[in-house]
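Report on the structure given below.
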Amino acid sequence: MHPNPPAWHRRAAELRERIEQANHRYYVLDDPDITDAEYDRLLRELEALEEAHPQLATPDSPTRRVGARAHGGFAEVHHALPMLSLGNAFEQDGQTDRERFREIVEFERRVEQTLDRREPVFSVEPKLDGLAISLRYEQGVFVQGATRGDGETGEDVTANLRTVRAIPLKLRGSGWPDVLEVRGEVIMLRKDFEAFNDYARAHGERPLANPRNGAAGSLRQLDPAVTARRKLSFFAYAVGMVEGGELPPTHSQTLARLREWGFPVSPEADVARGFDGLIAYYRRIGAKRDSLPYDIDGVVYKLDDYAGQRAMGFVSRAPRWAIAHKFPAQEQSTVVEAIEIQIGRTGAATPVARLQPVQVAGVTVTNATLHNADQIARLDVRVGDTVIVRRAGDVIPEVVRVQTEHRAPGAQPWTMPATCPVCGSALMREEGEAAWRCTGGLVCPAQRKEALIHFASRRAMDIEGLGERFVDALVELDYVRTPADLYDLTVERFVAMKQAIDEREGTTPETVKAGKIATKWAENLVAGIDASRRTTLPRFLYALGIMHIGESTARTLATWLGSLAMVRSTPAPVLRVLPDIGDEVASSIAGFFAQEGNQRVVDALLAAGIAFADEAPPSPRLREKLGLAVLLDHAKVPKLGPKSTRLLVEHFPTLERLLAAGPAHWITAGLPQAAAANLEAFLAEEANLAPLREAEAAMRRLLDALPQQTAQRAPLEGQTVVLTGTLPTLGRDEAKQRLEALGAKVAGSVSKKTSFVVAGEAAGSKLDKAQELGVPVWDEARLLALLAEHGG
DNA sequence: ATACCTCGAGTTCG
DNA sequence: CTCGAGGTAT
């Protein structure tokens, strides 16, 4: 080495240290001290220096993380000390922990008996779901890395492992042995997996199936540059061969030592004593599982002291002193026995896979939605296929992929049937829509049934006691055709019906007692139906099941139009002026009420005594929104833009005056000739004019119904609030209701337009988003104060 | 026209 | 919860 090194040499050393320091902070300490951009800048500067002075480019330089392409596959590496596989323990059925975790009981007992020790101490850690590898360091420098392979012989993936920034190229600190083999897991963090897939999808590349495949596939890339682009991470969990040095006497101390030498070690690694300690750890990690930054499939228990380990020894290739305690699997493979069609309330035909029952994450899964025909085509699911089923983050099972290697030779691709399996009407797909729909409408029993269930549901009419099973029978036995029929039913008829159902199902306890139970049940149901007569306008509008009208739009209609009479008589062009109601939604509403049958059902419901506690005059704010201009706007006459429209209605504020004036006067008032000609032609058609007249009449009705003096402004008018987490005293629904009573809009997700977020206990991503966007965050106490202030 | 942002609809099991 | 699509702001 130079006695007095030149400046570039010192700078290179400085850069290397800074870069490795950054890696260490990021991967080992989980506390980054520079940005990614800064990191890249340092790396590029070092690259430039090394290019100018080739003598600098030593193999342990961070710039050498991406090396040359391997040709013709990977060399074999023989593990001097075999890489072990662990015995697995799964949760079993049982009442007590000792029954459920029988295999752990036995494991622990075996250790106690062999070593004649009570409550042995174990080193415990999460079992990462990635790829096991071994890293060899000579004189503190990373020289070779290999996959586990069969445990005896793996593949040399040194070049690829160099690209993994979490793997130190040089050990830190001191006291490491001359030769050290470190074992651990290469994984892909969930966020890196998501980012990769977002990128892949955006660029038409094949996304990765899961983070584990991401890690495994990336390491086996022949071109290290490809591996480098996929961000991999690494956690060390064991030591293999050691020469010319010593390790501490226990595993937990060794992990601490590895951390000092610069390896990332899972922060969840811990020690536990005895069976109870192991189970407590299993539960603790299980509860954290979803919030960890990586996938795990269980926890690993290792007897902590090496002397004990040696005394226990091995059974075939698995150590007797360690065991993997697996969580119930999140993914399972099973067989698709059939693909059936379900018809929803709107007629949407949803294919559902009937599966051979399989345990996934603790529950038996027999059905999984396939969403739509496109999804089936994408996955290419066929009847008889073996598929991987997952219960992802939430609860709903989904088919992840098909194991095509297990496909029976004659399996045919699945196609959407031409007709509805329930009513036989044609299935049709709207242009550009994903869903096929049954065209049977309310002729289709499936749709009638779903419509009724929706009508009775908690957020709609809230009829207690009207469950799905019973609605099924009501519809099939044809006791109920429309929701209005529900209100004609009496206790006697219900009892008779219940008997008919029981008979049909073959369970007929013809006893007096059964009759009494049936009567009691029918009385409750009739009481439930009766109670639903007193409802609110938004609930009722929602209950009708008009396409595109959910709770939110139902509320919009109710607050702006005030009464059912107004809602049912307002034509589409006028509805369109309400917030969040565009062409599609407006014509869906007007279309619903244009059908005589629907109007009859509404009348029948009113006749049955449905009453609203909250009807009111239309909102005074309508005054600003209504006018001939919105009607002309809606007509979309060619060449008649907003400017021309404004000009016209200034001179001719009513349809009558506009017609009376005629094109000559329009042009005098300043309307361009082309627009005038188009408008004249438009108005000449009776088919265009009639709806306009009708719409104008509806506007008049609304304006006449407006209250004289303007109501006082609601205190939270125009504010958008988001609730997140659990609100211990109020509860979400209550808080929402009371905020809305004060005029606020309660939204489901945080955006920059959100006025404030109320965060309760265990608030999640919405809270993060709020902080990110700088939206004020309130606690429940502050919300309560606000509500109290306004006399809530 | 495009890019968000919301809302609506559908889904499973205990 | 997730997807698709409608509505609106840019």
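Predicted, not measured: the structure shown is a model, and the values here were computed from it. Letters A, B, ... are given to chains in the order of the sequence lines, protein chains preceding strands, and every chain is numbered from 1.
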Exercise for the section: Select from A/Ala349 and A/Ala554 the residue whose nearest nucleotide in DNA chain B is closer to the 5' end of that strand. Expected result: A/Ala554
Practice task
Nearest whole angstrom, please: distance from the C1' of B/dG8 to the CG of A/Asn372.
Solution key: 16 Å
Practice task
Using whole Å, report how far OH of A/Tyr542 lies from C1' of B/dA9.
Solution key: 9 Å
Exercise for the section: Report the nucleotide, chosen from B/dG10, B/dC13, B/dC7, that has the shortest atom-to-atom distance to any side-chain atom of A/Thr553. Expected result: B/dC7
Exercise for the section: Identify whether the distance between the nearest side-chain nitrogen and carboxylate oxygen of A/Arg382 and A/Asp380 falls below 4.0 Å. Expected result: yes
Handout entry: Gap between atoms CZ and P, on A/Arg354 and B/dT12 respectively (whole Å)
Key = 7 Å
Practice task
For the pair A/Arg283 and A/Asp97, find out whether any cationic side-chain nitrogen is under 4.0 Å from an anionic carboxylate oxygen.
Solution key: yes
Practice task
Please determine if a side-chain N or O atom of A/Gln342 lies less than 4.0 Å away from the OP1 or OP2 oxygen of B/dT11.
Solution key: yes
Exercise for the section: Run the salt-bridge test on A/Glu398 and A/Arg390 with the 4.0 Å N-O cut-off and return the result as yes or no. Expected result: yes
Problem - Selection from B/dT12, B/dG10, C/dG6 that lies nearest to any side-chain heavy atom of A/Ala348 - result: B/dG10
Exercise for the section: Compare side-chain N and O positions of A/Asn367 against OP1 and OP2 of B/dC13 and report whether any pair is under 4.0 Å apart. Expected result: yes
Problem - A/Thr350 side-chain N/O to B/dT11 phosphate OP1/OP2 under 4.0 Å - result: yes
Problem - NZ/NE/NH1/NH2 to OD/OE distance under 4.0 Å, A/Asp583 and A/Lys636 - result: yes
Fill in the blank from the handout: Among B/dT12, B/dG8, B/dT11, the one nearest any side-chain atom of A/Ser552 is B/dG8
Problem - Among C/dG7, B/dT12, B/dG10, the nucleotide that comes nearest once only the side chain of A/Thr346 is considered - result: B/dG10
Problem - Among B/dG10, B/dG14, B/dT12, the one nearest A/Arg345 by side-chain distance - result: B/dG10
